[in-house]
Amino acid sequence: MVFSSTTLRRTVATSVVTVTLAFGPLLSAIAQTISLSGAGATFPEPLYQRYFAEFQKKNPGIQVNYQGIGSGGGIKQMTAGTVDFAASDTAMTDKEAAEVERGVVFVPTAGGPVAAVYNLPGVSQSLKLSQEVLPAIFAGQITRWNDPKIAADNPGVNLPDRPIRLAVRADSSGTTFIFTNALSAMDPYFKGRVGADKAPRWPGRPLSAKGNPGVAQTVKRTPFTIGYVEASFANENQLQTALVENEKGAYVAPTIENANRALENVEFDPDFRVDFEKLGAPADGYPITGLTWMMVYKQYPDAAKADAVKKLVQYSLTEGQALNDDLTYTEIPDEVAQQVIQAVNSTVTTGGSASR
Amino acid sequence: MKEPLETARSPSRAGISLFHPSPEAELNITTTSRWDLWLEQGFTWLLCGFALSTVVLLFWISWVIYQQARPAIQEYGLGFLWSQDWDVAGLAFGALPYIYGTLVSSAIALLIAVPVGLAVAIVTSENFLPLAVRSPLGFLVELIAAIPSVIIGLWGLFVLIPVLRPVQQVLYDYFKWTPLFSTEPFGPGLLTAGVILAIMILPTMAAISREVLLAVPQELRSASMSLGATRWETIFSLLLPAGVSGILGAAMLALGRALGETMAVTMVIGNSPYISASLLDAGYTIPALLANEFPEALEGLHIGALMYLALILFAITLLVNIAAVLLVWLIGLQRGMVLNR
């Protein structure tokens with residue numbers, strides 16, 4: 001009532017013109033480009049955002065969107081068919097893969113170390129944690145910092161007489177899986193008590209927080225805690241990082257070099273998944289190292305989309321790999337990468353003519 | 001451009017004339033134009049519709065939550081309320097640690113916020129401070145309500161926890177023989193969450209109590225003073241008893257907010273799903289659990305268990321509100337009996 005019809009008409013006209021001007025090019029651009037949407041793991045998210053930005057510069061006709069909603073969420077959306085590709089730090093189990101109607105190809109893209117981080121005021125040198133001690137701490141068998149078992153590995157370090165608080169993930173997480181998988185390989189008691197899982201039941205009243213940043217903050221802010229985060233988060237937050245004993249008995253830091261060494265002898269299955277028990281117990285290098293996968297469908301509704309996916313995989317495993325090191329991720333070995341590209345090129349097809 | 005301008009002006013004049021009737025129409029109050037009548041009725045219906053839609057929304061939300069919670073309700077029944085398991089991988093769920101954490105952190109908050117809030121209300125409603133100090137003070141306390149809870153949570157993480165840590169250490173050193181302070185402190189925990197919540201509900205408590213105290217008739221104060229009561233006697237034996245129902249209402253409203261608070265609590269309570277008698281230990285609240293686990297919940301039973309918890313939280317707040325109404329009613333009843341005697 002307050003507006004006269006002129007005002008109203010003018011407003012509408014202006015709005016229509018503005019909207020057309022603003023979105024017109026966008027709409028026509030969308031009409032011309034192929035859009036790929038993906039979702040899943042948060043661990044490789046910074047890497048993928050970089051991949052896709054670079055990829056788009058080289059292929060202006062293809063637009064890629066990625067949302068980091070967690071490995072579990074990625075698997076869920078892949079099964080529901082609401083995305084064009086997904087990502088997960090645990091790949092998929094056989095059961096999960098069987099539920100994807102359009103079939104799934106696994107594309108390993110990167111790996112990385114998970115650091116054991118702690119907050120011990122007054123201790124300046126890096127703690128050494130053996131294959132016996134680290135799982136015992138996280139299984140609730142060692143509960144105080146001045147436990148003789150910790151002291152035995154760290155002569156000369158003034159360990160405080162304080163209880164150990166665990167800091168773990170509150171959400172279901174691929175990082176947790178990588179960490180618990182490695183600790184399960186180190187210690188049968190840990191395997192029985194906690195086990196390799198994305199959201200296990202921790203002993204000893206742990207503090208928990210959401211995401212890698214949440215755990216990093218908790219450890220940084222709370223004295224006498226110990227937790228685990230992707231190594232890049234440990235560096236970013238300048239957290240105290242433990243040296244972990246590997247199979248060879250050496251105490252190693254979670255660096256890219258050590259992670260690469262751990263992944264050197266990883267044997268990929270014919271479908272490019274891995275034996276997680278073996279991944280959790282590398283012969284050399286940093287013992288808590290994980291991999292992350294992109295997952296694409298075997299069948300796509302149209303040829304343009306199938307081609308775009310092939311191009312994306314090709315880019316990620318060739319030029320993209322060069323970016324891994326910058327962002328503190330490990331690279332996938334060349335020969336494996338070539339095999340994956342071949343597999344994707346030969347198996348990814350268009351809907352009707354697909355032979356599964 | 002000119003032509004539509006001209007044509008468009010006449011209807012707009014007609015529109016304006018509705019609200020600014022000509023002088024002769026102003027005098028005529030016996031007949032209402034059909035247009036006015038229609039407008040009035042339409043407006044009434046519109047308002048009724050809005051009012052009703054909020055109620056419908058409430059029932060709709062409850063229904064959706066109930067539907068989603070059904071798998072867990074069928075699986076666990078009422079046993080969910082006192083089971084302490086929470087194992088996502090093994091699909092075993094229990095609510096007790098979360099209910100405990102929610103209730104205890106809110107109770108601590110209320111224990112701190114009620115006396116402090118009342119103190120603020122008394123100071124800002126009485127006249128022992130000059131008005132120039134009183135009104136900014138009241139205003140500033142109310143301003144706390146405008147701070148987003150994430151900001152309060154961050155403040156808690158960076159400022160409050162380091163401040164509280166030595167206090168917790170003293171509590172532990174001197175009172176570790178009581179179960180309440182029996183665990184070694186580390187910063188985050190039930191006590192910290194309670195303090196954060198107390199700060200967040202303080203404005204609610206203070207603002208409403210202040211209005212209640214101001215509403216006590218001036219004559220009552222004058223009468224009390226003239227009988228020789230000191231200011232403190234007047235406050236404690238007249239103002240507070242007179243305003244007790246309003247103050248209780250304020251406390252219940254504050255409690256309602258404390259029960260549902262998510263972000264700030266998630267950041268400082270430690271998120272540990274165990275029951276501990278010690279206030280220095282970490283805990284977990286229902287809203288914090290929902291915020292942390294819902295986005296990654298995949299299994300139907302897991303989602304069901306989370307929704308069941310949401311339903312429980314809903315029931316708790318409902319019970320708190322009902323209790324508040326009953327309390328106010330009982331106090332009114334008692335006072336009536338006293339007067340009748």
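Just the heavy atoms: all of them, side chains too, but no hydrogens, waters or symmetry mates, feed the values below. Chain letters run A, B, ... following the sequence lines, proteins first, then strands; residues in each count from 1.
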- Item | Within 6.0 angstrom of Q67(A) CD, more than 12 heavy atoms from elsewhere | no

- Task: Pick one of side chain, backbone, both or neither for P163(A), based on which atoms fall under 4.5 Å of a heavy atom in chain B.
- Result: both

- Note on the structure: Applying a strict 4.5 Å limit to non-hydrogen atoms, the region of T218(A) in contact with chain B is neither

- Message: More than 12 heavy atoms of other residues, nucleotides or ligands under 6.0 Å from CZ of F158(B): yes or no?
- Response: yes

- Query: Do the charged groups of R165(A) and E184(B) touch, with an N to O distance under 4.0 Å?
  - Reply: no

- Is the number of heavy atoms from other residues, nucleotides or ligands within 6.0 Å of CD (Q169(B)) greater than 12? yes

- Message: Can a donor-acceptor pair be found, under 3.5 Å and without considering hydrogens, that links the side chain of R205(A) to the backbone of I275(B)?
- Response: yes

- Task: Taking all heavy atoms of F186(B) and all of L207(A), pick out the closest pair and write down the distance.
- Result: CE1-CD2, 3.3 Å

- Item | Interchain contact, R169(A) with chain B, by part (heavy-atom threshold 4.5 Å) | neither

- Message: Using only atom types and a distance under 3.5 Å, with no angle test, would you say the side chain of S272(B) pairs donor to acceptor with the backbone of P206(A)?
- Response: yes

- Message: Are the side chains of V88(B) and K198(A) in contact, using a 4.5 Å heavy-atom criterion?
- Response: no

- So how far is it from L157(B) CG to K220(A) NZ, rounded to the nearest 0.5 Å? 11.5 Å

- Heavy-atom contact with chain B under 4.5 Å, split by part of D171(A): both

- Message: Using side-chain heavy atoms (C-beta onward) and a distance below 4.5 Å, is P223(A) in contact with R165(B)?
- Response: yes

- How long is the span from the CG atom in L289(B) to the OG atom in S208(A), to the nearest 0.5 Å? 9.0 Å

- Query: Taking atom CG of D87(B) and atom CG of D197(A), what is their separation to the nearest 0.5 Å?
  - Reply: 8.0 Å

- Task: Go through G187(B), S276(B), G90(B), G189(B) and name the one with the most non-hydrogen pairs under 4.5 angstrom from chain A.
- Result: S276(B)

- Just wondering, more than 12 heavy atoms not from K210(A) lying within 6.0 Å of its NZ? yes

- Using a cut-off of 6.0 Å, state whether more than 12 heavy atoms not belonging to D275(A) lie near its atom CG. yes

- Message: I'd like to know whether CH2 of W45(B) has more than 12 heavy-atom contacts from other residues, nucleotides or ligands below 6.0 angstrom.
- Response: no

- Note on the structure: Applying a strict 4.5 Å limit to non-hydrogen atoms, the region of F294(B) in contact with chain A is neither

- Under 4.5 Å heavy-atom distance to chain A, tell me which part of A291(B) shows up: side chain, backbone, both or neither. backbone

